[in-house]
Structures are given as structure tokens and as C-alpha cells.
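Side chains included, hydrogens not; waters and symmetry mates left out as well; all remaining heavy atoms used. Whatever order the structure lists them in is the order used to number ligands and atoms, beginning at 1. Numbering starts at 1 and runs along the sequence shown.
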Amino acid sequence: MWKELGLNLEGHDQLLAILGKAYKDIYMSQENRPKAMQYFDFVISEAHGLRIKELMETKKKGNKVIGTFCVYVPEEMILAVGGTCVGLCAGAEIGIDEAEKVLPRNTCALIKSFMGFKLAGLCPYIQASDLVVGETTCDGKKKAYEILNDYKETYVVEIPQMKTQRDRTLWRGEVVQFKEKIEEISGKKITPENLRAGIKIANNKRRALQRLSALRKAVPVPISGLDGLLVNQIAFYDDPLRFTKSVNALCDELDERIKKGIGVTKNGIPRILISGSPMALPNWKIPFIVETSGAIVVAEESCVGERSTRDLVYETGNTLDGMIDAIVDRYFKIDCACFTPNVERTDHILDLAKEFKADGVIHYSIQFCTPYTVEAYKVEKAVQKAGIPFLKIETDYGMEDMGQWKTRIEAFLEIARG
Ligand code: BJ8
């Protein structure tokens with residue numbers, strides 16, 4: 001199968017060995033994990049195995065696999081034609097030498113990562129994809145897609161940068177054009193019936209993740225932040241129906257824990273909200289440091305977290321046009337830092353900090369990510385005004401600065417303890 005996909009076999013074996021060790025060290029060393037996390041451990045162990053086999057099988061049946069890098073891509077339309085939407089590998093410092101041959105060194109790690117994965121032939125998801133969908137969010141991504149397109153067909157969706165009525169009109173036009181692209185590549189028409197089904201599947205996945213998120217408000221918290229993040233990361237790869245069922249099973253177990261007053265750690269440790277750039281699999285660096293320094297992460301204000309799960313598509317539309325409008329409106333609420341102004345995001349961070357009883361907010365931006373690094377200034381001002389301790393972190397996927405950030409985070413947690 002790997003040969004058929006054109007993977008770099010030796011490099012891929014090395015990658016799996018590194019990931020396996022990191023997962024064992026970071027995840028399997030946690031204590032008191034919910035039993036239902038076993039499913040997610042299994043998914044991770046098969047992320048470069050059974051899951052790829054499943055994708056190849058669905059492709060043999062004529063269904064398409066669409067690879068994405070952003071939560072602005074309407075998954076509902078891909079699901080409507082029986083396709084599979086997968087988030088592509090972008091969370092590890094792998095293939096970086098290859099990436100730096102085509103990108104400036106001072107490019108954000110997420111962009112260098114997806115380019116490196118492709119150029120080094122290490123991401124089976126991109127190899128299995130019939131189409132890659134990019135978007136005009138930040139400058140780094142949109143220019144990198146022009147290069148990526150030389151190696152893999154990349155269709156780019158234009159995302160406006162503001163949220164006026166004129167921008168909504170532009171965005172609606174893009175969603176309609178995306179629908180046409182999906183129809184063309186799949187050879188299937190999107191109808192009110194299949195789109196309604198696609199909306200339901202995507203919404204149910206979000207509902208399950210919302211349920212998981214709400215359970216993390218409990219005191220004591222029934223699940224670690226690392227595990228909460230992992231489930232959100234897996235949401236981008238797994239079969240949506242099976243994933244939704246498994247998240248709900250996990251939530252049933254957490255409900256029981258809460259009823260019995262069982263927490264994953266001892267009560268009274270600082271509760272931290274992490275906000276900022278998305279943490280794509282296997283980017284666990286900052287939550288790992290936080291949770292091995294005597295605190296717990298209770299929520300992620302991120303596209304791998306709240307930002308991509310909090311809004312549903314209205315399910316009341318009966319016509320295709322009505323459903324498209326519902327999709328347009330739902331996605332247009334995503335408060336990515338690529339928008340200006342973006343006050344919704346700051347408001348949302350303050351709401352989350354309150355709802356989750358956060359003792360501190362850590363703002364995380366990937367180094368060289370201009371949108372989040374710059375927006376951190378406004379977030380810092382608002383969070384400090386609310387009297388909540390705040391720490392700003394800017395880092396890449398490398399491990400060299402782990403010690404430095406551990407010291408900074410430990411000092412911050414002292415303040416968060418009050
Ligand atoms: S909707 S956050 S998933 S664009 S970290 S590549 S912004 S320089 S990932 Fe994102 Fe969509 Fe927005 Fe969400 Fe650029 Fe920043 Fe890198 Fe980023």
C-alpha cells in the first residue's frame with residue numbers, strides 16, 4: 001500500500017518510530033485516564049495504518065478523499081457526495097530541510113511542516129487525497145499553496161479578510177464554487193437530500209465535541225487537557241460516524257466520573273485556557289509542559305478545539321439555496337486571526353475563561369505566525385483587564401526550547417495559583 005501511495009518508505013518508518021515513542025512518553029505515561037481513551041489510542045496507532053487502508057478502500061468504491069488545512073473548508077459538501085475530508089499532516093518538524101529549500105526559513109512551522117511532509121513523501125493522507133483544498137487565510141499559507149500545487153493539485157478557496165455584507169457575498173460565491181468543484185471531482189450532484197445528510201454528520205460530530213468540552217468545565221476535571229486535545233486532533237482524520245459514537249461513549253464515562261466526583265488530577269490545581277494558533281497532530285508540546293508542571297488545561301480556544309466546534313449549521317433549510325446559506329453563515333462565524341477587526345475572538349476568550357473557571361490564559365502562537373502573534377497584544381490587554389493571569393508563548397515545533405518554556409510556565413503557574 002505504501003509503495004502504491006508513493007511514500008518514502010525509509011523516512012516513513014523513521015517517522016512512525018519517532019511518533020510512537022513520543023506518544024508513549026507523553027500519553028501513555030498519564031495516570032487515571034478514562035478507559036474510553038483506548039479507542040483514541042488505537043486510532044493513533046493506526047493513523048498510518050488501518051485508517052489509510054480504509055481511505056484506499058473507499059476510493060476503490062469511487063468515493064473521493066479531500067485533504068484540507070483549514071476549518072474554513074465546508075466538510076458538509078464533501079460528505080454529501082460520499083467523500084471523506086481529512087486534515088493533512090502539519091504538526092511535526094519533519095521534512096523541514098526539504099521545506100526550507102522552497103520556503104523562507106522564517107515561515108511558520110505549520111506551513112513548513114505540510115510542505116516538508118509532502119516534499120519528503122511522508123504524509124500518506126496527502127498521497128491518498130484526490131484533491132487538496134487550500135484557502136487564502138494568512139499570506140504564508142496562500143503563497144505556499146502556489147508551490148504545493150506544483151507537487152499536488154491544490155484548489156484554493158478565497159476567504160475574505162473582513163466580515164461586512166460585501167465579504168459575505170464573496171464568501172457565498174466561494175462556497176457555491178467549492179460545491180461545483182466537489183461535484184466535478186466526484187462526478188456526483190449535491191442535492192438537498194445528500195447535503196442535509198452531510199450537514200447532519202458534521203453537526204453530530206461537533207455536538208459530540210461540544211459535549212466533551214462542556215464536561216471539562218467540571219471541578220475536578222474528569223479528563224486531561226492532553227486527552228481533550230487529542231480527541232479534537234483525531235476529529236480531523238477519523239471516520240466521522242465512528243468518531244462521534246466514540247466521543248459520546250467517552251462522554252458517558254466522564255459523566256459517571258463527574259457524578260462520583262472523580263477527577264483526572266487532584267483538585268485545586270490551576271485550570272488553564274490555551275488560546276491561539278491551532279495545534280495539529282502531533283503538536284503536544286505546550287499542553288504537555290503545562291500538565292507536567294502541576295496544572296491542567298481545561299479548554300483550547302483554537303481551530304483544533306472550540307473555534308471549530310462551537311457553531312453548528314442550521315438544519316432547518318429545505319432548499320439547496322437555504323442549506324448553502326446556512327453553511328455560509330456557520331463558517332463565517334469562525335473568528336480566525338486572519339480577519340480584521342476580530343473583536344469576537346477576544347470576547348470569546350473572556351467568555352471561555354469565565355465558563356471554564358480558568359485561573360490563567362496562555363496565548364500560544366506558532367513562531368512567525370503574524371496573525372496570532374500580533375493579535376496576542378489585544379488579547380493580552382483584554383485578559384489582563386479582566387484580572388486573569390496571562391502568558392504569551394511563541395514557539396515552533398522544535399524541542400530545544402522545552403526547558404526554557406518549562407521554567408517560564410512554572411513561574412506563570414505560581415501566579416495563576418494566586
Ligand atoms: S481558520 S487559524 S485553521 S487559517 S499558524 S498557517 S495562520 S502563519 S493555521 Fe488556521 Fe484556518 Fe485560521 Fe483556523 Fe498562517 Fe498562523 Fe501558520 Fe496558521
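Within ligand 1, the atoms closer than 4.0 Å to a non-hydrogen atom of Arg307 are 2 (S), numbered from 1 in the order shown. Those atoms of ligand 1 that come under 4.0 Å of a heavy atom in Cys108, given as number and element, are 5 (S), 6 (S), 8 (S), 16 (Fe). Listed by atom number, the atoms of ligand 1 under 4.0 Å from Cys303 heavy atoms are 1 (S), 2 (S), 3 (S), 13 (Fe). Which parts of ligand 1 touch Tyr372 is read off a 4.0 Å heavy-atom cut-off, strictly below it: atoms 2 (S). Here is the list of ligand 1 atoms found below 4.0 Å of a heavy atom in Thr137: 4 (S). Interface atoms of ligand 1 facing Ile111, defined by a heavy-atom separation under 4.0 Å, are 6 (S). Counting atoms of ligand 1 from 1 in the listed order, those under 4.0 Å from a heavy atom of Cys70 are 1 (S), 3 (S), 4 (S), 11 (Fe). Each of the atoms 6 (S), 7 (S), 8 (S), 14 (Fe) of ligand 1 lies under 4.0 Å from some heavy atom of Cys138.
Atom 13 (Fe) of ligand 1 has no N, O or S atom of Cys338 under 2.8 Å away, backbone or side chain.
For atom 12 (Fe) of ligand 1, the nearest non-hydrogen atom of the protein is Cys336 SG, 2.3 Å. Of all protein heavy atoms, the one lying nearest to atom 10 (Fe) of ligand 1 is Lys141 NZ, 3.7 Å. Nearest protein heavy-atom contact of atom 5 (S) of ligand 1 is Cys369 SG, 3.6 Å.
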Exercise. After noting the C-alpha distance and the side-chain angles of Asp25 and Lys21, does the key distance pass the salt bridge (Lys or Arg N to Asp or Glu O under 4.0 Å) rule?
Worked result: CA-CA 6 Å; Asp25 293 349; Lys21 179 165 184 337; 2.5 Å; yes
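At least one heavy atom of Pro278 sits closer than 4.0 Å to an atom of ligand 1.
The nearest protein heavy atom to atom 17 (Fe) of ligand 1 is not closer than 4.0 Å.
Taking the six-membered ring where the residue is Trp, Tyr125 and Tyr237 present perpendicular rings, their angle passing 60° and hence far from 30°. Ring pair Tyr72/Tyr331 is tilted by interplanar angle, where 30° to 60° counts as tilted. Between Phe332 and Phe339, the ring planes lie perpendicular to each other; the angle is over 60°, past the 30° to 60° tilted range.
Counting heavy atoms from C-beta outward, Ile94 and Gln14 have side chains that stay 4.5 Å or more apart. A 4.5 Å side-chain heavy-atom check between Asp321 and Arg172 finds at least one atom pair inside the cut-off. Within the 4.5 Å cutoff, side-chain heavy atoms of Trp284 are placed close to those of Leu230.
Among Tyr151, Tyr145, Tyr397, the one residue that satisfies the ring-ring contact (aromatic ring centres under 6.0 Å, His included) test with Phe114 is Tyr145.
Across all non-hydrogen atoms, the minimal contact from Lys112 to Thr107 is CE-O, 3.2 Å.
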